[in-house]
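Only one structure is covered here, and it is reproduced in the block below.
Bear in mind the structure is a predicted one, so any value in this text is a computation, not a measurement.
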Amino acid sequence: MNGRFKAAGGAVGGGLLVAGTTSDAGKSVVTAGICRWLARQGVRVAPFKAQNMSLNSFVTREGAEIGRAQAMQAAAARVEPTALMNPVLLKPGSDRSSQVVLLGKPVGELSARGYHEGRQKQLLGTVTDCLAELRRTHDAVICEGAGSPAEINLRRTDLVNMGLARAARIPVVVVGDIDRGGVFASFFGTTALLSKEDQALVAGYLVNKFRGDVTLLEPGLEMLRGLTGRQTLGVLPFSHGLGIDEEDGLHVSLRGAVRESVVAPPHGAEVLRVAVCAVPLMSNFTDVDALAAEPGVVVRFVDQAEELADADLVVLPGTRGTVRALQWLRERGLADAVVRRAAEGRPVLGICGGFQMLGERIEDDVESKAGTVDGLGLLPVRVRFAAEKTLARPVGEALGEPVAGYEIHHGVAEVTGGDEAFMSDGEGRSLDGCRAGSVWGTHWHGSLESDGFRRAFLRRVAADAGRAFVPAPGTAFAALREEQLDRLGDLIEEHADTGALLRLIEEGVPEGLPFVPPGAP
């Protein structure tokens with residue numbers, strides 16, 4: 001199959017931009033599905049998202065921070081993720097400002113206005129250089145847009161939707177979520193709000209999340225073609241559990257793969273209930289997906305103290321605002337509830353920002369600039385926020401099992417006691433985190449994806465909680481992820497016009513696509 005594509009040795013490989021009528025239309029899923037379908041055909045394919053706004057991030061092997069969606073898309077493409085695949089990552093710290101991560105490294109905080117009116121336009125050259133390098137070394141690059149390409153207020157400085165497509169001269173396919181309703185108006189309106197030059201790159205549409213008999217949809221698709229001169233290249237059915245590690249927050253996660261699926265029956269006599277505190281600016285909430293993948297483990301996100309009463313394990317997840325999240329826990333009575341749990345010997349786990357909140361003291365002149373703040377006092381840990389961010393891919397041992405993870409944090413933890421280190425080097429020397437009684441903390445995201453360690457940890461939790469829960473011996477989280485990515489590839493292969501998609505990727509923008517008035521104002 002890859003013989004049909006331009007050779008990667010110096011020539012430019014094919015490209016395609018997957019845009020959407022709205023946020024959460026399914027761009028990330030469709031991009032991953034196309035990547036997996038192409039990879040199964042032997043095509044050297046890579047994902048790309050020029051600019052991503054997300055608190056859900058990952059660390060590549062070279063120590064670069066990128067969006068987790070792009071890391072999962074790289075897994076779908078069966079390639080190692082790199083900073084080239086997501087050159088600009090915006091990590092919101094409030095409603096008005098974000099940390100800007102450029103080529104995997106933080107370069108400062110900017111307001112939304114400051115970014116869109118200044119820095120963003122300057123980054124277009126960096127973005128196009130990254131895309132060009134990926135196209136030089138791969139047969140095809142599948143790009144993901146952001147939001148909608150018809151955000152006319154932002155078009156002047158756009159570098160992720162039509163601005164990218166224009167700069168790279170790549171065709172665009174627009175995805176619409178029919179489950180929301182109004183998909184025909186969304187397709188037509190998105191196209192009609194683009195300039196003549198931008199419209200010339202919009203090659204077709206993909207309907208996503210369709211329920212029912214597709215023949216009932218076909219008359220509308222024909223009318224849409226008559227109105228716009230563009231084909232619908234597939235109708236993808238609604239299917240539970242097809243989300244990947246998307247970017248925009250808990251509302252996305254709750255529709256994701258694991259949390260939407262039915263909990264499998266427990267391997268032992270009882271289930272294990274996990275409550276995750278849905279703190280503000282929650283980051284890397286996908287850390288608990290591996291728990292939810294275990295048969296008999298019920299994971300839910302909570303924001304009320306009463307919801308912790310029947311939980312066997314409470315998780316304080318990562319956050320982009322540790323001090324703000326700590327204040328939120330106190331205001332809602334969740335902090336007191338967690339402290340009471342610890343006093344009763346009931347399990348609590350803190351990950352990254354959650355670990356920091358469990359400590360005695362936080363000195364923060366970087367993230368919140370709040371100075372010294374008291375933590376929950378459940379772990380003998382003092383945290384000082386450093387200007388330089390820690391980005392790492394550590395490996396070690398915990399509870400007698402190998403464990404791997406990744407670190408993304410400004411907080412530096414000084415552990416002054418505790419019953420044992422959480423993560424060690426296998427010879428007893430501490431690498432990260434600690435335990436005090438039934439309270440555990442670590443900076444390592446993703447550690448629960450290590451199957452042996454996860455099962456050992458759940459056994460300890462079940463014992464402390466007094467539950468007759470036994471982890472199933474055969475749950476392999478990496479294999480479950482692979483199955484999910486294959487399902488995304490199947491979705492494209494079985495329900496999209498793959499011949500038309502191949503022609504767009506190989507041959508570029510079709511000639512003669514008609515203009516749909518009125519065009520951009």
- Query: What distance do Glu144 atom CD and Ile34 atom CD1 have between them, rounded to the nearest 0.5 Å?
  - Reply: 10.5 Å
- Flag, side chain of Ser98 to backbone of Val100, donor-acceptor distance under 3.5 Å: no
- Side chains of Val59 and Ile408 in contact at under 4.5 Å (non-hydrogen atoms): yes
- Task: Classify the side-chain pair Glu65/Ser57 by whether it contains a donor and acceptor separated by less than 3.5 Å.
- Result: yes
- Item | Between Thr60 and Glu80, a side-chain donor and acceptor under 3.5 Å | no
- Message: Within the structure provided, determine whether Thr128 and Leu124 are in side-chain contact (heavy-atom separation under 4.5 Å).
- Response: yes
- Message: Return the CG to CD distance between Leu103 and Glu62, rounded to the nearest 0.5 Å.
- Response: 10.0 Å
- Residue pair Thr322 / Gln356, side-chain donor-acceptor N/O under 3.5 Å: yes
- Task: Please answer whether the main-chain N or O of Ala311 pairs with a side-chain N or O of Arg341 as donor and acceptor at a distance below 3.5 Å.
- Result: yes
- Verify, without hydrogens or angle tests, whether Asp365 (side chain) and Lys369 (backbone) share a donor-acceptor contact under 3.5 angstrom. no
- Message: Testing the basics here: between Thr319 and Gly353, what is the closest heavy-atom pair and its distance to 0.1 Å?
- Response: CG2-CA, 4.2 Å
- Task: Measure the shortest side-chain to side-chain distance between Val297 and Val299 over non-hydrogen atoms and say whether it is less than 4.5 angstrom.
- Result: yes
- Message: With no hydrogens and no angle check, just 3.5 Å: does a side-chain donor-acceptor pair link Ser239 and Arg487?
- Response: yes
- Item | Gap between atom CG of Asp289 and atom CG of Leu480 - 0.5 Å precision | 10.5 Å
- Query: Below 4.5 Å, heavy atoms only, C-beta onward: do Leu358 and Val348 meet side chain to side chain?
  - Reply: yes
- Should Glu367 and Arg324 be marked as a salt bridge (Lys or Arg N to Asp or Glu O under 4.0 Å) after you check the CA-CA gap, both sets of side-chain angles, and the distance that decides it? CA-CA 10 Å; Glu367 189 176 77; Arg324 176 179 168 184; over 6 Å; no
- Item | Backbone of Leu55 reached by a side-chain donor or acceptor of Arg68 within 3.5 Å | no
- Message: I'd like to know if Glu414 and Arg382 make a salt bridge, using a cut-off of under 4.0 Å between side-chain N and carboxylate O.
- Response: no
- If only atom types and distance count, is the side chain of Asp303 paired as donor or acceptor with the main-chain N or O of Ala278 below 3.5 Å? no
- Give, for atom OH of Tyr406 and atom CG of Asp287, the distance between the pair rounded to the nearest 0.5 Å. 5.5 Å
- Query: Where do Arg300 and Asp310 land on the salt bridge (Lys or Arg N to Asp or Glu O under 4.0 Å) test, with the steps shown first?
  - Reply: CA-CA 12 Å; Arg300 66 183 188 274; Asp310 67 341; 2.6 Å; yes
- Query: Looking only at heavy atoms, which two atoms of Cys143 and Ile170 are closest? And how far apart?
  - Reply: SG-CD1, 3.9 Å
- Which is it for Glu133 and Arg135 under the salt bridge (Lys or Arg N to Asp or Glu O under 4.0 Å) test, yes or no, and what are the steps along the way? CA-CA 5 Å; Glu133 177 62 17; Arg135 294 181 75 183; over 6 Å; no
- Applying side-chain contact (heavy atoms from CB on, under 4.5 Å), run through Ile351 and Asn284 and close with a yes or a no. CA-CA 9 Å; Ile351 302 174; Asn284 289 69; over 6 Å; no
- Message: Looking at every heavy atom in both Ile505 and Ala140, which two are closest together, and how far apart are they?
- Response: CG2-CB, 3.7 Å
- Query: Mind checking whether Trp440 and Phe457 have ring centres under 6.0 Å apart?
  - Reply: yes
- Message: When you compare the side chain of Asn86 with that of Phe48, does any pair of heavy atoms fall below 4.5 Å?
- Response: no
- Task: Tell me, with the steps shown, if Val276 and Phe285 meet side-chain contact (heavy atoms from CB on, under 4.5 Å).
- Result: CA-CA 9 Å; Val276 184; Phe285 45 79; over 6 Å; no
- Are the side chain of Asp364 and the backbone of Ala370 linked by a donor-acceptor contact shorter than 3.5 Å? no
- Does the side chain of Gln73 pick up a donor-acceptor pair with the side chain of Gln70 at under 3.5 Å? yes
- Message: Using 0.5 Å steps for rounding, measure from the CZ atom of Arg454 to the OG1 atom of Thr475.
- Response: 6.5 Å
- For the residue pair Val288 and Phe301, establish whether any side-chain heavy-atom pair is separated by less than 4.5 Å. yes
- Query: Are the side chain of Arg36 and the backbone N or O of Ala75 linked by a donor-acceptor pair below 3.5 Å?
  - Reply: yes
- Side-chain donor or acceptor of Asp464 paired with backbone N/O of Gly345 under 3.5 Å: no
- Query: Got a second to check how far Met72's CE is from Cys35's SG, nearest 0.5 Å?
  - Reply: 12.5 Å
- Any chance you could lay out the side-chain contact (heavy atoms from CB on, under 4.5 Å) test for Glu294 and Arg455, step after step, and finish with the verdict? CA-CA 9 Å; Glu294 284 284 347; Arg455 287 192 280 269; 3.9 Å; yes
- Query: Are the side chain of Glu270 and the backbone of Ala468 linked by a donor-acceptor contact shorter than 3.5 Å?
  - Reply: yes
- Atom of Leu134, atom of Pro47 and distance for their closest heavy-atom approach: CD1-O, 3.9 Å
- What residues, two or more places apart in sequence or in another chain, satisfy salt bridge (charged side-chain N to carboxylate O under 4.0 Å, His left out) together with Glu420? Arg435, Arg460
- For the residue pair Pro380 and Glu360, establish whether any side-chain heavy-atom pair is separated by less than 4.5 Å. yes
- Note on the structure: In Gln99, His409, Glu407, His410, the residue satisfying side chain to side chain donor-acceptor pair (under 3.5 Å) with Lys389 is Gln99
- Is any side-chain heavy atom of Val338 less than 4.5 Å from a side-chain heavy atom of Leu329? no
- Which atom names give the shortest non-hydrogen contact between Cys277 and Leu316, and what distance separates them? SG-CD2, 3.7 Å
- Is there a side-chain contact (heavy atoms from CB on, under 4.5 Å) between Asp486 and Arg40 once you walk through the steps? CA-CA 9 Å; Asp486 273 332; Arg40 293 196 304 210; 3.2 Å; yes
- May I ask you to decide if Gly452's main-chain N or O and Ser450's side chain share a donor-acceptor pair within less than 3.5 Å? no
